[in-house]
Amino acid sequence: MKKALLKTFWIAMAGELLFSALLFAAILLVFEQPSLLGFMVKTAGDWITIASQVFFPASIAIWITFVNLEATKFGEYLRHFGNDLTFRLSFIFPVLLFALTCFILVLYKGIESPILANLAIFAIVYSGVALFILVRNVTEFMRIYGEFREQMRSRREDP
């Protein structure tokens, strides 16, 4: 069962990357390269702020919350059904992606290379997609947590 869940996780990650690549390709088709470079020159600092002060800390907070819950009976419940590794990966990946996005943006701001501009735009797009997926994963995690709490309540009420 764990292997099937991991396979599903990696397929979802590949889909996320593919969707981000298609979105990035659409941006490149719609906007001319000089416009994109100008956009990045003007907004790189703002993107650094968003990535480093919103996306990255929020993803760390979510991951820390998961780690704390994993050390409870709910963690045992997740391990019993094999969902622990899937959620662990789905919560740690955005932390790494948002940190990488911050690094790429800072690097771009210092160097202002066209290649780094394209890489930064892709990282922003990928981070945006990852943020939506992270919210979906948190929602699913909270749904499972609610089911677990309901089961615990019903066990306490049964004689």
Side-chain angles (χ1 to χ4, degrees), residues 1-31 33 36-37 39-40 43-44 46-109 111 113-149:
M1 177 144 160
K2 260 190 178 181
K3 285 186 179 188
L5 286 171
L6 277 177
K7 183 178 179 182
T8 303
F9 170 79
W10 289 116
I11 290 170
M13 294 302 298
E16 189 177 319
L17 182 61
L18 179 62
F19 181 70
S20 299
L22 290 172
L23 211 51
F24 176 65
I27 289 169
L28 291 177
L29 287 173
V30 171
F31 299 101
Q33 190 68 21
L36 289 174
L37 294 176
F39 171 78
M40 283 309 298
T43 63
D46 297 330
W47 288 110
I48 291 169
T49 301
I50 292 168
S52 67
Q53 294 181 10
V54 179
F55 291 1
F56 183 63
S59 65
I60 287 179
I62 290 167
W63 179 68
I64 289 171
T65 302
F66 169 75
V67 169
N68 286 331
L69 284 172
E70 198 175 27
T72 66
K73 288 193 182 288
F74 180 59
E76 292 174 21
Y77 178 81
L78 287 176
R79 284 186 288 283
H80 175 73
F81 291 103
N83 291 335
D84 58 319
L85 185 57
T86 303
F87 278 114
R88 189 177 309 121
L89 291 172
S90 68
F91 290 144
I92 196 66
F93 178 76
V95 171
L96 300 174
L97 176 62
F98 298 152
L100 180 63
T101 299
C102 291
F103 176 76
I104 291 168
L105 287 163
V106 168
L107 197 60
Y108 169 74
K109 188 152 170 70
I111 298 174
S113 135
I115 292 172
L116 279 176
N118 285 326
L119 185 58
I121 293 168
F122 177 75
I124 291 166
V125 169
Y126 196 6
S127 291
V129 171
L131 181 66
F132 281 106
I133 301 299
L134 178 61
V135 169
R136 185 186 57 87
N137 289 340
V138 168
T139 303
E140 179 65 15
F141 182 76
M142 294 311 296
R143 185 191 63 75
I144 293 171
Y145 185 64
E147 287 176 3
F148 167 76
R149 290 189 47 113

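All heavy atoms count here, side chains included; hydrogens, waters and symmetry mates do not.
To the nearest 0.5 Å, atoms CG (L69) and CD1 (I64) are separated by 12.5 Å. Between I50 atom CD1 and I48 atom CD1 the span is 11.0 Å, to the nearest 0.5 Å. One finds the CD1 atom of I92 at 12.0 Å from the CG atom of L97 (value rounded to the nearest 0.5 Å). Rounding to the nearest 0.5 angstrom, the gap separating the CE atom in M13 from the CD1 atom in I133 is 9.0 Å. Between T72 atom OG1 and L78 atom CG the span is 8.0 Å, to the nearest 0.5 Å. The distance from the CG atom of L119 to the CD1 atom of I104 is 4.0 Å, given to the nearest 0.5 Å.
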Could you give the side-chain donor-acceptor pairs of residues 121-130 under 3.5 Å, partners two or more places apart or in another chain?
| residue | atom | partner | partner atom | Å |
| --- | --- | --- | --- | --- |
| S127 | OG | T101 | OG1 | 2.7 |
| S127 | OG | A123 | O | 2.9 |

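For E76, the salt bridge (charged side-chain N to carboxylate O under 4.0 Å, His left out) criterion is met by no residue, not counting sequence neighbours. Residues passing the ring pair (Phe, Tyr, Trp, His ring centres under 6.0 Å) test with F56: none are found, sequence neighbours excluded. With sequence neighbours left out, the ring pair (Phe, Tyr, Trp, His ring centres under 6.0 Å) criterion links F31 to no other residue. Remark: Y108 pairs with no residue by the ring pair (Phe, Tyr, Trp, His ring centres under 6.0 Å) rule, at least two apart or across chains.
The number of heavy-atom neighbours closer than 6.0 Å to CZ of F24, taken from other residues, nucleotides and ligands shown, is above 12. The local environment of CD1 in I115 is sparse, with at most 12 non-hydrogen atoms from other residues, nucleotides or ligands closer than 6.0 Å.
Here the closest heavy-atom approach between residue S90 and residue L134 is recorded as O-CD1, 4.2 Å. In plain terms, the two heavy atoms of A51 and P57 that are nearest each other are O-CD, 4.3 Å. The shortest non-hydrogen separation linking A120 to M40 is CB-CE, 3.6 Å.
In this structure, the side chains of L28 and L36 come closer than 4.5 Å at one or more pairs of heavy atoms. Between E140 and Y145 the shortest side-chain heavy-atom distance does not fall below 4.5 Å. Contact annotation: the side chain of P114 approaches that of L37 to within less than 4.5 Å [non-hydrogen atoms, C-beta and beyond].
For the pair T43 (side chain) and D46 (backbone), a donor-acceptor distance under 3.5 Å is absent.
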Please step through side chain to side chain contact (heavy atoms under 4.5 Å, CB included) for the pair F132 and V135, ending with a clear verdict.
CA-CA 5 Å; F132 281 106; V135 169; 5.8 Å; no
Would E147 and R143 count as a salt bridge (Lys or Arg N to Asp or Glu O under 4.0 Å) if you check the C-alpha gap in whole Å, the side-chain angles of each, and the deciding distance to 0.1 Å?
CA-CA 6 Å; E147 287 176 3; R143 185 191 63 75; 2.3 Å; yes
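Applying the salt bridge (Lys or Arg N to Asp or Glu O under 4.0 Å) definition to pairs two or more places apart or across chains, those involving residues 64-75 are E70-R88.
Considering W63, F66, F98 as possible partners of F91, the one that fulfils the ring pair (Phe, Tyr, Trp, His ring centres under 6.0 Å) test is F66. Each of F148, Y77, F74 was evaluated against F141; a single residue qualifies, F74, per the ring pair (Phe, Tyr, Trp, His ring centres under 6.0 Å) test.
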